[in-house]
2 protein chains.
Amino acid sequence: MREEPDIARVASLVGDPARANMLTALMDGGALTASELALEAGVTMPTASSHLAKLVEGGLLTLQRQGRHRYYALSGHHVASMLETISGVAERVGPKRARPGPRDTAMREARICYDHLAGDRGVALYDSLLSRRILALRDDTVEIGPKGQAFFDELGIDLGSLSGQRRPLCRSCLDWSVRRSHLAGALGAALLETMMERKWARRDPQSRAILFSPAGKQNFERLLRG
Amino acid sequence: MREEPDIARVASLVGDPARANMLTALMDGGALTASELALEAGVTMPTASSHLAKLVEGGLLTLQRQGRHRYYALSGHHVASMLETISGVAERVGPKRARPGPRDTAMREARICYDHLAGDRGVALYDSLLSRRILALRDDTVEIGPKGQAFFDELGIDLGSLSGQRRPLCRSCLDWSVRRSHLAGALGAALLETMMERKWARRDPQSRAILFSPAGKQNFERLLRG
DNA sequence: CGCATGGTTCGATCCTTATCGAAGCATTGA
DNA sequence: TCAATGCTTCGATAAGGATCGAACCATGCG
């Protein structure tokens with residue numbers, strides 16, 4: 001009948017509250033065990049197990065056995081991207097919250113998306129790198145621009161080893177607030193990692209927010225200006 | 001409890017096959033009546049009516065009464081974008097189709113997304129405009145670049161009147177094949193309109209595909225090269 | 001081996017929701 | 001005013017699927 005991709009199948013997988021909670025919990029790109037996810041979703045283990053089986057069967061999650069633990073993770077960037085986009089719509093059409101809580105604000109400012117920086121800072125970084133020709137849009141993808149090699153050398157990020165990986169070096173990822181993008185891919189991950197190593201920022205253990213220290217903010221701003 | 005947007009609510013709206021069919025039918029940005037959508041979804045009118053009420057209530061569709069007809073349309077670009085992204089995931093994780101039919105190929109090459117050009121040609125156009133500095137990424141959004149005014153003047157597109165509209169002039173929209181973007185917004189719509197007016201291409205009445213004529217293809221390629 | 005822990009499978013229950021026929025409301029046209 | 005069209009509401013039915021307790025498998029540890 002229809003030749004088009006079966007979007008209802010995917011959407012209905014995300015459409016159950018328990019599963020949506022699980023997926024959201026995995027948005028930071030990490031892997032969690034079945035019991036952790038059960039807790040996260042607020043259901044008992046049999047229920048969680050059933051949901052997880054469906055998510056794996058549906059291709060949204062991958063499963064890795066380790067001893068008697070089973071670790072579940074998002075099956076890729078595309079899933080994280082999709083969840084972000086759905087979040088964006090839910091934000092707009094959802095009930096306007098009276099006032100966004102402090103954690104909400106922090107998430108908007110900077111958060112981890114799979115394995116790279118998202119939120120206002122992520123977008124600002126991406127735009128800055130593009131406008132300074134450190135990155136460049138070419139053909140289909142984001143690429144290293146003319147000023148890129150020098151920039152990343154100075155940061156101590158080795159482009160050679162990164163581009164050897166199987167995953168794409170650069171990718172853009174749509175943000176919550178739909179019309180902005182931020183940098184994903186191996187390079188996006190490496191940038192975030194560098195910032196964390198230098199203690200510019202740390203993760204909020206309670207959420208996906210990335211909390212910048214005052215000094216970290218200054219360093220980050222300097223990075224943006226070049 | 002959770003501060004995050006309620007993605008399950010939105011996803012479950014899309015997760016019903018009948019509703020998904022309706023939404024897909026509206027992906028071309030047009031408006032359809034309740035009975036047309038019922039037909040499209042393959043359900044009777046009472047069922048369709050119930051679904052449509054939910055979609056409006058959920059903020060995914062808007063309703064416009066005209067006489068004894070009720071026209072439903074996507075409530076905005078963000079909804080179209082979301083559907084494209086979900087399609088992208090469904091494509092990847094879905095059952096590998098034996099061989100894509102001819103219409104499927106046409107859709108991939110060029111199709112209408114809400115009101116602008118998507119697919120390979122849409123992506124190619126977007127990239128070309130960016131690399132030739134006709135468009136530029138700056139701060140948060142896509143903007144007119146240094147070479148833009150002249151380019152659009154020559155095409156007979158009046159940027160002044162377009163930017164007067166309430167909707168953003170430029171936007172990027174994530175494509176099916178997730179890592180590419182194409183141009184949306186008022187300008188994206190105007191570009192597609194221009195090409196249709198000049199008979200470079202026409203819509204396939206059976207699908208969302210855009211069919212280029214041989215001459216249209218050449219003109220389009222010339223447009224890309226500058 | 002025996003026991004604890006992590007996880008799945010099974011079966012029963014229950015709730016949600018998609019569905020449609022029939023009746024009702026609204027708008028148009030005669 | 002009456003009839004026709006477009007759509008919604010109501011009520012009943014049915015089906016899907018989310019949930020959990022109990023029993024069952026597997027791995028690791030003493």
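Lettering of chains follows the sequences in order, A, B, ..., and the numbering in each one begins at 1. Side chains are part of it too, since the values below use all heavy atoms of this structure and drop only hydrogens, waters and symmetry mates.
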Reading nucleotides 24-30 of chain D from 5' to 3' and marking B where a protein heavy atom lies under 4.0 Å of the base, S where only the sugar-phosphate is that close, and - otherwise, the string is ---BS--
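- With rounding to whole Å, Met45(B) atom CE is found 6 Å from dT8(D) atom P.
- The closest donor-acceptor contact from the side chain of Ser161(A) to the backbone of Asp158(A) lies under 3.5 Å.
- Bracketed by its first and final contacts, the part of DNA chain C lying under 4.0 Å from non-hydrogen atoms of chain A reaches from dA4(C) to dT9(C) in 5' to 3' order.
- Between Phe212(A) and Phe220(A), the ring-plane angle classifies as perpendicular under the 30° and 60° cut-offs.
- Between Leu187(B) and Phe152(B) the shortest side-chain heavy-atom distance falls below 4.5 Å.
- Here dC7(D) presents its P atom at 8 Å from CZ of Arg70(B), a figure rounded to the nearest Å.
- Interatomic distance, His78(A) NE2 to Glu91(B) CD, rounded to the nearest 0.5 Å: 11.5 Å.
- When Thr85(A), Val89(A), Val14(A) are each tested for a side chain to side chain contact (heavy atoms under 4.5 Å, CB included) with Val10(B), only one passes: Val89(A).
- A donor-acceptor pair is defined here as one N or O able to donate and one able to accept, closer than 3.5 Å; no such pair exists between the side chain of Arg121(A) and the backbone of Glu109(A).
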side-chain contact (heavy atoms from CB on, under 4.5 Å), that's the test. Do Leu192(A) and Ile210(A) meet it? Break it down for me. CA-CA 10 Å; Leu192(A) 176 59; Ile210(A) 303 268; 4.3 Å; yes
Can you give one letter per nucleotide of nucleotides 12-19 of chain D, 5' to 3': B if a protein heavy atom sits under 4.0 Å from the base, S if only from the sugar-phosphate, - if neither? ------SS
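- For Ser75(B) (side chain) and Gly59(B) (main-chain N/O), a donor-acceptor pair under 3.5 Å exists by modelled atom type.
- With Arg19(A) contributing its side chain and Leu13(A) its backbone, the two residues share a donor-acceptor pair below 3.5 Å.
- Two end axes, each from the C1' atoms of five base pairs, can be drawn for the helix from dC1(C)-dG30(D) to dA30(C)-dT1(D); they diverge by 20°, to 10 degrees.
- By the side chain to side chain contact (heavy atoms under 4.5 Å, CB included) test, Ser50(B) is found to be paired with Lys54(B), residues two or more places apart in sequence or in another chain being considered.
- Whole-Å rounding puts the His69(B) NE2 to dT5(D) P distance at 12 Å.
- Exactly one of Leu117(A), Asn219(A), Leu155(A) qualifies for a side chain to side chain contact (heavy atoms under 4.5 Å, CB included) with Met195(A). That residue is Leu117(A).
- In this structure, the side chain of Ser49(A) does not engage the main chain of Met45(A) through any donor-acceptor pair within 3.5 Å.
- Residues forming a side chain to side chain contact (heavy atoms under 4.5 Å, CB included) with Ser213(A) (at least two apart in sequence, or on another chain): Ala215(A).
- When heavy atoms are screened at a 4.0 angstrom cut-off, Tyr71(B) is found touching no nucleic acid atom at all.
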